[in-house]
Amino acid sequence: MTPHDAMLEKVAAYALGTLPVVDVAGVTEHLHGCDECTTEYRELLSAVTALAYSVQACETGEEGPQVSPLLKERIMQRVRPQNRIAKLRTRPLAAIAACIALALLGVAAFAWHPWTTHPGTGIVRRYAFADGVLYVKKDRITIAQRLAPLPAGRVYQVWTLARGARRVSPSVTFPATSSTVNVAMDTATLAAVAISVEPAGGSPQPTTKPVVFVRL
Amino acid sequence: MCGEWWRVDEAALVERIRCRDAAAFEALYDQYHRLVYGIALRVLSDVRGAEDVTQSVFLKIWSDPTAFRGGNFGAWIARVARNRGIDVLRGGAFVVQGEIPAMPSAQDALDDYVMRKLESRNVRSALARIPQEQREPIELGFFDGLSHDQIARRSGVPLGTVKTRIRAGLRKLRAELQEVGIR
């Protein structure tokens with residue numbers, strides 16, 4: 001076995017995470033100067049990551065170990081509250097005004113929308129955001145909004161993100177004067193809804209940062 | 001909100017987490033919690049322990065997103081979960097540093113999206129095609145955190161043979177994955 005063969009074995013241990021700590025610095029330095037070992041590391045790291053994926057927990061409904069949904073709640077509770085509390089502390093009047101506005105928007109949307117006249121036609125999920133409310137039904141989303149007026153030639157555009165998708169998909173555009181927007185769609189795999197300001201006619205992909213981003 | 005918000009890639013999500021974007025954190029959790037939990041469960045063989053590890057890994061990302069220094073996120077978080085699980089086994093402290101060196105060559109080691117699409121059972125099937133004497137030291141090293149010396153003693157084979165088998169086994173797994181379409 002040549003010294004380089006021995007190094008390749010160390011590279012394998014490095015990728016697997018079993019290389020003794022005393023050898024890590026030497027292998028790291030070697031990798032930066034050796035194309036053959038770098039390629040080997042890259043390929044073996046793929047194999048090690050696949051090894052990790054081989055034990056990944058199952059999706060809901062599949063047979064096998066699954067992650068309790070309560071765990072997500074527990075973790076998100078540690079992440080979300082401080083954001084809300086911080087905002088409310090810094091802008092108490094704005095928060096109160098926003099609550100009142102959201103309540104009014106919610107009432108208006110339910111009063112307006114046909115499904116509220118036919119109770120029992122499907123479950124509606126409600127998501128409040130700073131300037132409005134998003135309602136999600138099985139076959140559509142409805143946005144009740146009070147977004148800021150736009151300059152001429154600009155519209156708001158809705159974007160939807162399916163679960164597991166890498167990019168948002170373009171949806172309808174609407175002027176700031178439209179207080180309620182409906183989008184017919186299958187919401188079974190809907191993961192998020194966003195709104196951005198775009199040129200009239202809309203864009204194939206967002207050109208500005210979102211003014212609304214609601215993760216379902 | 002900072003970063004390319006409309007493009008869901010892990011680096012962009014981590015960038016948004018740096019801006020304290022809880023929605024980005026939630027998206028990252030949705031994408032990776034099954035992987036983290038599965039690794040922790042395999043290492044610890046305990047549901048409660050696996051949940052604790054999963055929670056600590058994700059909260060560590062929330063509190064210190066700079067711990068991810070680029071490269072392949074799936075490979076990185078898998079290593080973090082594995083190391084955290086082994087730390088718990090040994091009763092050690094949680095240290096994220098030095099998980100996977102941030103070297104340019106690791107950035108395209110594999111595509112997270114492709115890996116997510118690859119079903120676990122297909123990976124297990126590829127793993128099952130590796131000879132037992134190669135698969136065993138790999139699993140002992142990765143999931144049980146044993147050193148090469150410990151694997152050699154447990155398996156009753158020379159240290160040099162352990163090293164050779166680990167490398168051969170990983171290369172074989174790599175080849176099997178290529179058979180099912182993973183580059």
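All chains are named by letter (A, B, ...) in the order of the sequence lines, taking the proteins before the strands, and each is independently numbered beginning at 1.
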Inset, instruction - For Arg124(B) and Ser54(A), indicate whether the former's side chain and the latter's backbone hold a donor-acceptor pair under 3.5 Å. - result: yes
Legend entry - Per-residue contact mode, Ser63(B) against chain A (heavy atom under 4.5 angstrom): neither
Legend entry - Heavy atoms from other residues, nucleotides or ligands near CD of Glu29(A) exceed 12 (cutoff 6.0 Å): no
Inset, instruction - Name the region of Leu19(A), side chain, backbone, both or neither, that has any atom closer than 4.5 Å to a heavy atom of chain B. - result: neither
Inset, instruction - Please assess Phe143(B) against Val55(A) for the test side chain to side chain contact (heavy atoms under 4.5 Å, CB included), listing each intermediate value before the final yes or no. - result: CA-CA 10 Å; Phe143(B) 292 120; Val55(A) 297; 3.8 Å; yes
Inset, instruction - Could you grab the distance from atom CD of Glu26(B) to atom CG of Leu216(A), nearest 0.5 Å is fine? - result: 9.5 Å
Inset, instruction - Enter the distance from Arg74(A):CZ to Thr54(B):OG1 here, rounded to the nearest 0.5 Å. - result: 9.0 Å
Inset, instruction - Go through the atoms of Asp30(B) and report whether side chain, backbone, both or neither lie under 4.5 Å from a heavy atom of chain A. - result: side chain
Inset, instruction - List the atom of Leu170(B), the atom of Val48(A), and the distance in Å for their closest heavy-atom pair. - result: CD2-CG2, 3.9 Å
Legend entry - Closest non-hydrogen atom pair between Leu35(B) and Ala52(A), with its separation: CD1-O, 3.6 Å
Legend entry - Largest heavy-atom contact set with chain B, pairs under 4.5 Å, which of Ala191(A), Gly17(A), Ala12(A), Ala57(A): Ala57(A)
Inset, instruction - Check step by step if side chain to side chain contact (heavy atoms under 4.5 Å, CB included) holds for Glu40(A) and Arg171(B). - result: CA-CA 9 Å; Glu40(A) 174 91 351; Arg171(B) 290 180 64 82; 2.6 Å; yes
Inset, instruction - For chain B, find which of Val11(A), Asp5(A), Thr18(A), Leu16(A) contributes the most heavy-atom pairs closer than 4.5 angstrom. - result: Leu16(A)
Legend entry - Engaged part of Leu146(B) at the chain A interface, taking heavy atoms whose separation is under 4.5 Å: backbone
Legend entry - Minimum heavy-atom distance Met76(A)-Ala22(B), with the two atoms named: CE-O, 3.9 Å
Legend entry - Exercise: identify the closest heavy-atom pair between Arg215(A) and Ala23(B): NE-O, 3.2 Å
Inset, instruction - Calculate, to the nearest 0.5 Å, the distance between atoms CG and CZ belonging to Leu51(A) and Arg174(B) respectively. - result: 14.5 Å
Legend entry - Nearest heavy atoms of Leu177(B) and Ala50(A), plus distance in Å: CD1-CB, 3.2 Å
Legend entry - Rounded distance [0.5 Å steps], CZ in Arg34(B) versus OH in Tyr53(A): 9.5 Å
Inset, instruction - For His33(B), enumerate each residue passing the ring pair (Phe, Tyr, Trp, His ring centres under 6.0 Å) test, keeping only those at least two apart in sequence or located in another chain. - result: Tyr29(B)
Inset, instruction - Would you check if Ile75(A) and Trp62(B) make a side-chain contact, meaning some heavy-atom pair closer than 4.5 Å? - result: no
Legend entry - Cation-pi geometry met for Arg80(A) and Phe25(B) (6.0 Å, 45°): no
Legend entry - Proximal component of Lys72(A), with respect to chain B [non-hydrogen, under 4.5 Å]: both
Inset, instruction - Heavy atoms only, distances under 4.5 angstrom: which of Leu59(B), Leu127(B), Ile166(B) has the most pairs with chain A? Name it, please. - result: Leu59(B)
Legend entry - Residue selection (most heavy-atom pairs with chain A, distance under 4.5 Å) from Arg42(B), Gln55(B), His148(B), Glu139(B): Gln55(B)
Inset, instruction - To the nearest 0.5 angstrom, please state how far the OG atom of Ser68(A) sits from the CD atom of Glu51(B). - result: 5.5 Å
Inset, instruction - Without swapping roles, check the side chain of Arg79(B) against the backbone of Ala15(A) for a donor-acceptor pair under 3.5 Å. - result: yes
Legend entry - Closest non-hydrogen atom pair between Ala47(A) and Leu173(B), with its separation: O-CD2, 3.3 Å
